[in-house]
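Here the structure comes first, spelled out in structure tokens, and everything after it is commentary.
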Amino acid sequence: MSVDGVEVLLVEDNPRDAELTLRALKKRNLANHVVHVKDGQEALDWLFAIGQYTGRDVTQRPKVMLLDLKLPKVDGLEVLRAVRADERTRFLPVVVVTSSREEQDLIAGYQLGVNSYIVKPVDFENFSAALAETGHYWLVVNEMPK
């Protein structure tokens with residue numbers, strides 16, 4: 001898939017959760033341009049066009065990043081910290097989608113500038129509805145500076 005026009009950067013290491021997320025977005029026709037990366041380092045490499053993504057047009061940014069917190073290599077909070085620290089990605093909407101109900105994760109996420117924090121519901125219908133509403137808001141309703 002071409003990375004031009006990427007709308008969603010999905011950062012999720014759990015294959016089941018990634019599939020459920022993609023299914024929920026497809027159900028609402030919001031999954032046309034999704035890039036799925038499986039760990040925090042790959043997310044940073046993709047965003048900043050380094051490593052295996054060297055040469056990618058770094059000006060092509062997603063409309064939203066769906067970010068798990070408990071990731072291999074680089075955890076989600078470190079990804080968020082790097083995103084907010086870089087001028088090119090500072091305003092990228094980041095929605096944490098995680099199973100963590102830990103208050104310290106929630107507080108740290110908001111301190112680092114997360115736009116929204118969603119705890120993954122256990123059943124698919126609630127999970128699907130939450131992601132569909134989130135996707136609709138960030139991909140259709142929200143306006144971002146160019």
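One is the number of the first residue; the rest follow in order along the sequence.
- Salt-bridge annotation for R84 and E78: absent, with no side-chain N of the basic residue lying under 4.0 Å from a carboxylate O of the acidic one.
- Taken from CG in L67 to CD1 in I118, the straight-line distance is 11.5 Å, to the nearest 0.5 Å.
- For the atom pair CD of Q52 and CD of E42, the computed distance is 5.0 Å after rounding to the nearest 0.5 Å.
- Counting heavy-atom neighbours within 6.0 Å of K70 NZ, excluding the residue itself, gives a total above 12.
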Item to complete: Please assess Y117 against V97 for the test side-chain contact (heavy atoms from CB on, under 4.5 Å), listing each intermediate value before the final yes or no.
Response: CA-CA 6 Å; Y117 191 104; V97 182; over 6 Å; no

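- Salt bridge annotation for K120-E12: present, with a cationic side-chain nitrogen under 4.0 angstrom from a carboxylate oxygen.
- Going from atom CG of L44 over to atom OH of Y53 covers 11.5 Å, rounded to the nearest 0.5 Å.
- Nearest heavy-atom pair across A82 and F48 is O-CZ, 3.9 Å.
- Going from atom CG of L66 over to atom CG of L9 covers 8.0 Å, rounded to the nearest 0.5 Å.
- Counted within 6.0 Å of CZ on R101, heavy atoms from surrounding residues, nucleotides or ligands total 12 or fewer; the atom is thus considered open.
- The backbone N or O of L71 lies less than 3.5 Å from no partner atom in the side chain of D39, so there is not a single donor-acceptor pair.
- Rounding to the nearest 0.5 Å places CG of D105 at 13.0 Å from OH of Y110.
- The one candidate from L47, L10, V95 that meets the side-chain contact (heavy atoms from CB on, under 4.5 Å) condition with M65 is L47.
- In this structure, R56 contributes its side chain and W46 its backbone to a donor-acceptor pair below 3.5 Å.
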